[in-house]
Amino acid sequence: MKNDYLLVKKPLWALTVFAIPIIIGNFFQQIYNMADSAIVGRFVGEQALAAVGASYALTNVFICIAMGGGIGASVIVSRQFGARDYRKMKISVYTAFLTFLVFSMCLAAVGWFGSPTIMRWLHTPQEIMGMAVRYLRIYFLGLPFLFMYNVISAMFNALGQSKYPLGFLIFSSLFNIALDILLVTKLNLGVAGVAWATLIAQGISALLSFLVFLKLLAQLSPGKVSLFDSRSLAEMTKVALPSILQQSTVSIGMMLVQSVVNGFGTEALAGYSAAAKVESLCFVPLMGISNALCSYTAQNLGAGNQERVVKGYHTANGMEIVSGAFICFFLEGFHSQIITLFLGEEGTAVARSTGEAYLTFLGWFFCILGFKVTTDAILRASKDMKMFTIANLANFSFRVIFAMIMAPRFGIHMVWIASPIGWFINWMLSYVEYRRGKWRIIV
């Protein structure tokens, strides 16, 4: 399989070709997440939108754990692919699959039984408690599918095959939206309908992508290898665990912030939830470039091409500037129409003003987030996880503490004011570590 363009093509070409399928795929993933909220908001009501939004911060914890684990494991696989050590690479892949399958099943069991308690901890308004718990429990049933899909997608990317996750995400997204419409508008299942739609679509996509990946893997170093290796697990854990810690702790922090938002009532929560979905969509191009740079860096470090990594880093930052400028134009020019998409014309004044204020403020600062995630990508790909973890913990700690102290005193807008300050702190810490050059040492 000849697929070494990340090692030989010009950085702009290589990163663009690799990132575009990731961006389009993640865009479709966010679109069907947004479709869940838009459909229940328009056809069930503002309380249903708030119920889905009340669960969002918690569900995002598990999405980020899955993504962090997959990205962390894929760093090792990318390095082995760059070094052409295909046999060891296959062992690492199988070990990652089995580990995350067992891990996700355990989390699903804990989540199912703990959903009511967690929702009470998050100060979920009582009038939407039942809907929120119902949505969350169905979500947890599909957690193994969520984990396996994200791990498989990361492995496809590690091999430079980002077109496959794109295809499966497009299929899953369109299928999910069709199921949303059927289950909510025709069968009147409410928030449970969008939860079942996500589970079914993600489950089918995970199974299909797993079969295709096994076929692709068989082309490399044919023959049987061990399905589990403790040494491979230990090696991946060194990178995956800090990635999981970073992703999950940030999400847990946002869950704590969500509990602050919940205290402002159902109307403000509905507006905040709508804007948060849009914010997640804005992350897509920035994170797509970052993930492309991570695989690019890992492969080139595996091949001993450190100077090529520097060129890729500068190129990726330029791409982030362009993306940030486009996002700013989009949010500043169309914030009212975007919020109306979720709330409809009947949305309350509190919900609309909350959502619009969130988007118009944050739109100016996405370039900072772009610089943060590209610098983080270099540290993660080089396994320089100590400063990577410290920088991201500093980011989320500031945002949580600021929001929890300031929002109850000065208003809900303090929640989103904290975000760009936290991003900037993270970027500065990571950039200092990048300039030190520790990432150049292959370990």
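Between F334 and F329, the ring-plane angle classifies as perpendicular under the 30° and 60° cut-offs. Between F171 and F175, the ring planes lie parallel to each other; the angle is under 30°, not in the 30° to 60° tilted range.
A donor-acceptor pair under 3.5 Å is formed between the side chain of S273 and the backbone N or O of L269. Counting only distance, with no hydrogens or angles, the side chain of S205 and the backbone of A201 share no donor-acceptor pair below 3.5 Å. The closest donor-acceptor contact from the side chain of T99 to the backbone of A96 lies at 3.5 Å or more, if one exists at all. Judged by distance alone, the side chain of T16 and the main-chain N or O of W13 form no donor-acceptor pair under 3.5 Å. Judged by distance alone, with hydrogens and angles left aside, the side-chain atoms of S353 form a donor-acceptor pair with the main-chain N or O of V350 at under 3.5 Å. A donor-acceptor pair under 3.5 Å is formed between the side chain of S290 and the backbone N or O of V373. One N or O on the side chain of N300 and one on the backbone of Y296 form a donor-acceptor pair closer than 3.5 Å. In this structure, the side chain of S430 does not engage the main chain of W427 through any donor-acceptor pair within 3.5 Å. No donor-acceptor pair closer than 3.5 Å links the side chain of Q299 to the backbone N or O of L7. Side-chain atoms of S382 come within 3.5 Å of backbone atoms of L379 as a donor-acceptor pair (strictly under, hydrogens ignored).
Summarising the geometry, atom CZ belonging to F365 is positioned 10.0 Å from atom OG belonging to S419; distances are rounded to the nearest 0.5 Å. Interatomic distance, F398 CZ to I421 CD1, rounded to the nearest 0.5 Å: 4.0 Å. Going from atom CG of N291 over to atom CD1 of I23 covers 9.5 Å, rounded to the nearest 0.5 Å. Here E356 contributes atom CD and I339 contributes atom CD1; the two are 6.5 Å apart, rounded to the nearest 0.5 Å. The distance from the CG atom of L369 to the SG atom of C282 is 10.0 Å, given to the nearest 0.5 Å. With rounding to the nearest 0.5 Å, the separation of CG in L141 from OG1 in T198 is 12.5 Å.
The two residues G271 and T354 have their closest heavy-atom pair at C-CG2, 4.3 Å. Nearest approach of L331 to L359, heavy atoms of both residues: CD1-O, 3.8 Å. Closest non-hydrogen pair, R308 versus P11, comes out as NH1-CD, 4.1 Å. Closest non-hydrogen pair, V415 versus A407, comes out as CG2-CB, 4.1 Å. Looking at every heavy atom in both residues, F145 comes nearest to A206 through O-CB, 3.7 Å. Contact detail for A351 and A270: the closest heavy-atom pair is CB-CB, 4.4 Å.
Counting heavy atoms from C-beta outward, F371 and I321 have side chains that approach closer than 4.5 Å. Residues R440 and E307 meet the side-chain proximity criterion, which asks for heavy atoms closer than 4.5 Å. Considering only heavy atoms from C-beta on, N305 stays 4.5 Å or farther from K311 through its side chain. For the pair M319/L12, a side-chain contact is recorded, criterion being any heavy-atom separation below 4.5 Å from C-beta on. Side-chain contact check for F97 versus M155: some heavy-atom pair is nearer than 4.5 Å. Side-chain contact between V310 and W439: present, with at least one pair of heavy atoms (C-beta onward) separated by less than 4.5 Å. A 4.5 Å side-chain heavy-atom check between I412 and V261 finds at least one atom pair inside the cut-off. Residues N395 and I425 form no side-chain contact, since every pair of their non-hydrogen atoms from C-beta on lies 4.5 Å or further apart.
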Worksheet item: When you look at V257 and M404, which way does the side chain to side chain contact (heavy atoms under 4.5 Å, CB included) test go after all the steps?
Response: CA-CA 7 Å; V257 172; M404 295 186 75; 5.5 Å; no
Item to complete: Would you sort out whether Y139 and L146 count as a side chain to side chain contact (heavy atoms under 4.5 Å, CB included), showing the intermediate values?
Response: CA-CA 9 Å; Y139 174 88; L146 169 71; 3.3 Å; yes
Discussion item. Would L211 and L207 count as a side chain to side chain contact (heavy atoms under 4.5 Å, CB included) here? Give the steps.
Written reply: CA-CA 6 Å; L211 294 175; L207 293 174; 5.7 Å; no
Fill in: Worked verdict on D376 versus F388 for side chain to side chain contact (heavy atoms under 4.5 Å, CB included)
CA-CA 6 Å; D376 282 351; F388 170 85; 3.7 Å; yes
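Ring to ring, Y149 and F168 are not that close: their centroids are 6.0 angstrom or more apart. Taking the six-membered ring wherever Trp is involved, the centroid distance between the rings of F264 and Y272 does not fall below 6.0 Å. Aromatic ring centres of F366 and W423: separated by under 6.0 Å.
Scored by the salt bridge (charged side-chain N to carboxylate O under 4.0 Å, His left out) test, E433 finds R436 as partners (sequence neighbours excluded).
The one candidate from T297, T375, T374 that meets the side-chain hydrogen bond (donor to acceptor under 3.5 Å, both in side chains) condition with Y313 is T375.
Counted by atom type alone, S336 and R352 present zero donor-acceptor pairs between their side chains at under 3.5 Å.
Around the CZ atom of F424, the shell of radius 6.0 Å holds no more than 12 heavy atoms that belong to other residues, nucleotides or ligands.
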